[in-house]
Number of protein chains: 2
Amino acid sequence: MSEVVSIGRPRKFDEREVLIAVMDVFWEKGFEGTAMSDLVEATGLKKGSLYGAFGDKRALYLKALVFYDETEVAVAADLLRGRNQSDGLSAPDAGYQRIAALLQAVIDAVAVHGDRRGCLLCNAAVDQAPLDPATERSVTASLATLEAAFVEAIRAIPDLIASVEEGRRIARHLQSVYFGMRVLAKAGATVEVLQDAKAGALAGLYPHSH
Amino acid sequence: MSEVVSIGRPRKFDEREVLIAVMDVFWEKGFEGTAMSDLVEATGLKKGSLYGAFGDKRALYLKALVFYDETEVAVAADLLRGRNQSDGLSAPDAGYQRIAALLQAVIDAVAVHGDRRGCLLCNAAVDQAPLDPATERSVTASLATLEAAFVEAIRAIPDLIASVEEGRRIARHLQSVYFGMRVLAKAGATVEVLQDAKAGALAGLYPHSH
DNA sequence: GATGTTTTTGACCGTACAGTCAATAAGTGG
DNA sequence: CCACTTATTGACTGTACGGTCAAAAACATC
């Protein structure tokens, strides 16, 4: 049972909202590029409160990564699994369309919102995973979720794969395309470049190509 | 004609060696993660000498990026173009093998040397390109080199492509796989994961798959 | 050896950083 | 109203950072 009443002075902030603000800053600036003062400004909390509630900068970063996994990664995985009710891609043979939709979302982020933040998971993998074991564990866990979701989408393409190994191989290939597109987008690639990368990936998903 | 004799006190260091040391540090730690004291330690030069010879930290970073382009990127591009004499892949129909060799090099870096630095170009794209226009320009230029080299390799696969547009599309797809594999490698992916990503990319390079 | 030029060196500067802490505020239960 | 607990606050600390500079050193020329 969760405590409905808590003793002591109540918190003035919503933990989820603060975590979103923290995640946004790390997402845009990276771990090293973010100063505690940036987080103070973004959250509206004072430094002491941040430390009291979440711990030091590293702990804050790791909590932001977990939050990203529970929100953004979960949305992407649900899309691939056909669990998103509102996109009309839940049919058991809509695997191709789900994968196309995920890659298109990367393009739309650039085309529609001028996105340059990319994917926090990708950013963390590149600039923190090799240097911090806890970050690496968190990233690895999210990658496993994503890979499994890709496998589910691939299994939802009729007559494509002949074995479990083949499905996993294609999933890992698509995952690398996904992250590659994120990198290219951060580098300032045009929409055309990203569309070509997407088209090339999807071209391998027709049964007659094997 | 270059000046053989120069006036004033001669430099004690070799500019190229220093640039290699600087590049290595940025490569491993990124721009924000690198302190000037790291560069002082790695190069053996004092801070004042570094500033006098190369400029501030940002200028040093940009020079390291250019050096990377002239060395590592050039080697990769030469491989794709069949210009590497020692690899036996210069035959005009060896495009597939060249691409396979490039992707295998990413795997070997992990498998043989336990590499976690990835690709400096990829690292710069992710954590500096969106924030610094000069870095973005440098990264964009290297990406263009790489894409053009991929196109040449693809044209060296008999009977694969039917148009210039198709060649470019496949090149951009392969480029995204390459960077995706770099991201996965930094995240700590196993050799098996990288091999699957590579195999998935190469599976699209057979003429009968179209 | 005096002059001019460039490099080296280490001390120095101001600041921005991550993290701490004691005082105070805002709740609860008795 | 009084303990008791927890949260907020802003001042504080020490340090690590990027960058500067004057003095000395090392060469060439004359």
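Proteins get letters first, then strands, A, B, ... in listed order; numbering begins at 1 in each.
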Has [X] got a side-chain N or O lying under 4.0 Å from the OP1 or OP2 atom of [N]?
{"X": "A:S49", "N": "D:dT8", "result": "yes"}
{"X": "B:K46", "N": "C:dG10", "result": "yes"}
{"X": "A:S6", "N": "C:dT28", "result": "no"}
{"X": "A:K12", "N": "D:dT8", "result": "no"}

Without decimals, in angstroms, what is the distance between [X] [atom1] and [N] [atom2]?
{"X": "A:L45", "N": "C:dG19", "atom1": "CG", "atom2": "P", "value": "17 Å"}
{"X": "A:L50", "N": "D:dG10", "atom1": "CG", "atom2": "C1'", "value": "14 Å"}
{"X": "B:K47", "N": "D:dC21", "atom1": "NZ", "atom2": "P", "value": "14 Å"}
{"X": "B:M36", "N": "D:dT20", "atom1": "CE", "atom2": "P", "value": "10 Å"}
{"X": "B:Y51", "N": "C:dT6", "atom1": "OH", "atom2": "P", "value": "22 Å"}

Checklist entry - Which part of the nucleic acid, if any, lies within contact of B:G52, taking any heavy atom under 4.0 Å across all strands shown: a base, the sugar-phosphate backbone alone, or nothing? => result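 Touches nothing.
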
Measuring only between side-chain heavy atoms, which start at C-beta, is [X] closer than 4.5 Å to [Y]?
{"X": "B:L102", "Y": "B:V106", "value": "no"}
{"X": "A:D196", "Y": "B:H173", "value": "no"}
{"X": "B:I107", "Y": "B:M181", "value": "yes"}
{"X": "A:E152", "Y": "A:L80", "value": "no"}

Next on the checklist: Donor-acceptor pair, distance only, cut-off 3.5 Å: does the side chain of A:D78 make one with the backbone of A:R81?
Outcome noted: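 Looks like no, no N/O pair under 3.5 Å.
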
From the options [options], select the nucleotide whose nearest atom is closest to the side chain of [X].
{"X": "B:A35", "options": "C:dT7, D:dC17, D:dT5", "value": "D:dC17"}
{"X": "A:F13", "options": "C:dT6, D:dT8, C:dC17", "value": "D:dT8"}
{"X": "B:K57", "options": "D:dG19, D:dT5, D:dT9", "value": "D:dG19"}
{"X": "B:D56", "options": "C:dG19, C:dT6, D:dG19", "value": "D:dG19"}
{"X": "B:P10", "options": "C:dG19, D:dC27, D:dT8", "value": "D:dC27"}

Checklist entry - Hey, which of these two, B:D38 or A:G48, hits DNA chain D nearer its 5' end, going by closest nucleotide? => result A:G48

Checklist entry - What parts of residues 58-66 of chain A reach DNA chain D, counting only heavy atoms under 4.0 Å away? => result none

Next on the checklist: With hydrogens left out and only the distance checked, is there a donor-acceptor pair under 3.5 Å joining A:R9's side chain and the base of D:dT6?
Outcome noted: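 No, the side chain and the base share no sub-3.5 Å donor-acceptor pair.
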
Checklist entry - Closest nucleotide of DNA chain C for B:G8 versus for A:E32: which of these residues is on the 5' side? => result B:G8

Item to check | Basic-acidic side-chain contact under 4.0 Å: A:R116, B:E136 | outcome: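 A salt bridge links A:R116 with B:E136.
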
Checklist entry - Distance under 6.0 Å and angle within 45° of the ring axis: does B:R117 meet both against B:F26? => result no

Item to check | Six-ring centre of A:F150, A:R172 cation under 6.0 angstrom, axis tolerance 45° | outcome: no

